[in-house]
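Data block below; observations after.
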Amino acid sequence: MLDDFMVRAALAGIGVALAAAPLGCFVVWRRMAYLGEATAHAAVLGVALSLAFSLPMLPSIVASALAMGLTVTLLRGKGLAMDTLLGVIAHTALAAGLVTVALLSDVRLDLNAFLFGDILAVTKGDLATIWGGGALILAVMIWRWSALLVATLNPDMAYASGIDPKREEVWLTLTMALAVAVAIKVVGVLLIAALLVIPAAGARSLVRTPENMAFGAAIIGSAAALVGLCGAYLADTPAGPSIVCAAAVIFLVTAAIGPLFRKE
């Protein structure tokens with residue numbers, strides 16, 4: 001069964017969608033869409049460093065993305081607007097990664113696969129990484145769900161309940177870094193943020209509770225992966241961008257019919 005590349009691609013897309021769903025909800029609630037993009041951009045620097053120093057690629061990507069998130073957390077409130085800070089760090093990390101790769105004359109690397117994804121080339125080993133990483137992300141989300149939710153909706157109440165919002169933000173940053181690392185093969189650096197935000201935003205139009213929004217985002221993301229793959233196969237288009245386009249179409253549909261679902 002797993003010898004069929006389309007089956008492997010579908011399983012990879014669903015795995016990433018399930019892992020990204022609860023994270024995407026917090027990204028939407030916290031209005032942190034640009035942080036997802038910035039974390040993804042840092043992954044390019046992680047790829048470059050792993051090649052330059054012959055390090056394992058997955059830990060390098062996670063470490064680089066995590067460093068990005070922690071840097072933003074530490075520098076927040078230091079006099080710069082959040083979007084300005086994210087813009088500076090994100091584009092610096094992306095540019096530094098591209099320059100580093102260009103300087104590695106003895107390494108041949110298809111940057112398009114990292115920038116836009118190469119889901120059709122997913123191997124059984126990649127599937128194990130995606131589903132293993134996704135399971136870890138979901139485990140952390142289930143474990144920290146209540147604390148993250150309180151810290152997101154009402155930081156003052158979180159402090160009163162003995163919950164440190166800064167600590168919860170670190171957990172969120174860590175899981176987002178892991179999500180970027182496992183998703184990079186599927187949709188690529190430039191489209192990861194879209195897969196985090198669009199399904200969650202689409203689900204938000206249809207549901208009333210945070211838990212239902214996470215389930216809805218998982219369903220929309222999985223559907224987008226399957227529809228995007230079928231569209232890419234039939235129209236001979238890039239798979240990663242096709243998945244994001246499918247998610248965008250579903251978002252437009254949910255935005256149009258959402259008021260019907262949310263009526264009393």
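Quantities reported herein were computed from a predicted structural model and do not represent experimental measurements. Counting begins at 1 with the first residue of the sequence. What you see below is based on every heavy atom in this structure, not just the backbone, and it leaves out hydrogens, waters and symmetry mates.
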request  = Look at the side chain of Trp29 and the backbone N and O of Pro210, then say whether any donor-acceptor pair between them is shorter than 3.5 Å.
outcome  = no
task = Can you see which heavy atom on Ala151 is nearest to which on Pro165, and at what distance?
result = CB-CA, 4.0 Å
inquiry  = Please check this pair: side chain of Thr175 against backbone of Leu172, looking for a donor-acceptor N/O pair closer than 3.5 Å.
reply    = yes
key: Connected via hydrophobic side-chain network under 4.5 Å: Val180 and Leu136   = yes
request  = Would you name the heavy atoms of Ala19 and Gly134 that are closest together and state the gap between them?
outcome  = CB-CA, 3.7 Å
inquiry  = Atom OH of residue position Tyr233 - does it have more than 12 heavy atoms of other residues, nucleotides or ligands inside 6.0 Å?
reply    = no
Hydrophobic cluster membership, Leu226 vs Val16, 4.5 Å side-chain cutoff = yes
task = Would you mind reporting whether Leu18 and Trp131 have side-chain heavy atoms less than 4.5 Å apart?
result = yes
request  = Mark yes or no for whether Thr254, through its side chain, and Gly202, through its backbone, hold a donor-acceptor pair below 3.5 Å.
outcome  = yes
query = What heavy-atom pair brings Pro199 and Ala217 nearest, and what distance separates the two atoms?
reply = CB-O, 3.5 Å
request  = Measure the spacing between CG of Leu49 and CD1 of Ile61 and express it to the nearest 0.5 Å.
outcome  = 10.5 Å
Side-chain donor or acceptor of Thr129 paired with backbone N/O of Gly125 under 3.5 Å = yes
query = Rounded to the nearest 0.5 Å, what separation is found between the CD atom of Glu168 and the CZ atom of Arg144?
reply = 4.0 Å
request  = Over all heavy atoms of both residues, which pair between Lys124 and Arg8 is shortest? Give the atoms and the distance, please.
outcome  = N-CD, 4.1 Å
message = For Leu45 and Leu94: C-alpha separation, side-chain torsions, deciding distance, then whether side chain to side chain contact (heavy atoms under 4.5 Å, CB included) applies.
response = CA-CA 6 Å; Leu45 183 57; Leu94 178 61; over 6 Å; no
Between CG on residue Leu229 and CG on residue Leu120, distance to nearest 0.5 Å = 6.5 Å
task = Following the transitive rule for hydrophobic clusters with a side-chain heavy-atom cut-off under 4.5 Å over Ile, Leu, Val, Met, Phe, Trp and Tyr, establish whether Trp143 and Ile163 coincide in one cluster.
result = no
request  = Kindly indicate whether the side chain of Met141, heavy atoms from C-beta on, has any atom under 4.5 Å from the side chain of Ile137.
outcome  = yes
task = Give a yes or no on whether the ring-centroid distance for Trp145 and Phe26 is below 6.0 angstrom.
result = yes
Leu66 vs Met176 side-chain heavy atoms within contact, under 4.5 Å = no
Flag, side chain of Ser60 to backbone of Val47, donor-acceptor distance under 3.5 Å = no
inquiry  = What verdict does the side chain to side chain contact (heavy atoms under 4.5 Å, CB included) test give for Arg208 and Met213, after you've listed the backbone C-alpha separation in whole Å, the side-chain angles of each residue and the deciding distance to 0.1 Å?
reply    = CA-CA 7 Å; Arg208 294 179 179 275; Met213 181 171 166; over 6 Å; no
request  = Look at the side-chain heavy atoms of Ile, Leu, Val, Met, Phe, Trp and Tyr, link any pair under 4.5 Å apart, and say whether Ile220 and Leu252 land in one connected group.
outcome  = no
ask   = Side chains of Thr123 and Asp126: is there a donor and an acceptor less than 3.5 Å apart?
value = yes
message = For a side chain to side chain contact (heavy atoms under 4.5 Å, CB included) check, start with the C-alpha distance between Val253 and Ile250, then their side-chain angles and the critical distance, and finish with the verdict.
response = CA-CA 5 Å; Val253 173; Ile250 296 174; 5.6 Å; no
query = Atom CD1 of Ile184 and atom CG of Asp118: how far apart are they, to the nearest 0.5 Å?
reply = 11.5 Å
inquiry  = With ring-ring contact (aromatic ring centres under 6.0 Å, His included) as the rule and sequence neighbours excluded, what pairs involving residues 175-203 come up?
reply    = none
message = Can you confirm whether Asp164 sits close enough to Tyr159 that some side-chain heavy atom of one is under 4.5 Å from a side-chain heavy atom of the other?
response = yes
query = Are Val207 and Val28 co-members of a hydrophobic cluster defined by side-chain heavy atoms under 4.5 Å apart?
reply = yes
key: Ser242 versus Thr237, side-chain donor and acceptor atoms under 3.5 Å   = yes
Spatial distance of atom OG1 (Thr152) from atom CZ (Arg30) [nearest 0.5 Å] = 3.5 Å
key: Distance (rounded to the nearest 0.5 Å) between Leu23 CG and Thr173 OG1   = 10.0 Å
Distance-minimising heavy-atom pair for Ser222 and Ile14 = OG-CG2, 3.9 Å
ask   = Going by heavy atoms in the side chains, are Ile130 and Val186 under 4.5 Å from each other?
value = yes
ask   = Counting only heavy atoms not in Met6, do more than 12 sit closer than 6.0 Å to its CE atom?
value = yes
query = Are any of the side-chain heavy atoms of Ile119 and Ile243 separated by less than 4.5 Å?
reply = yes
Taking every non-hydrogen atom, the tightest pair across Ala65 and Ala42 = CA-CB, 4.0 Å
ask   = Side chains of Leu206 and Ile257: closer than 4.5 Å at any heavy-atom pair?
value = yes
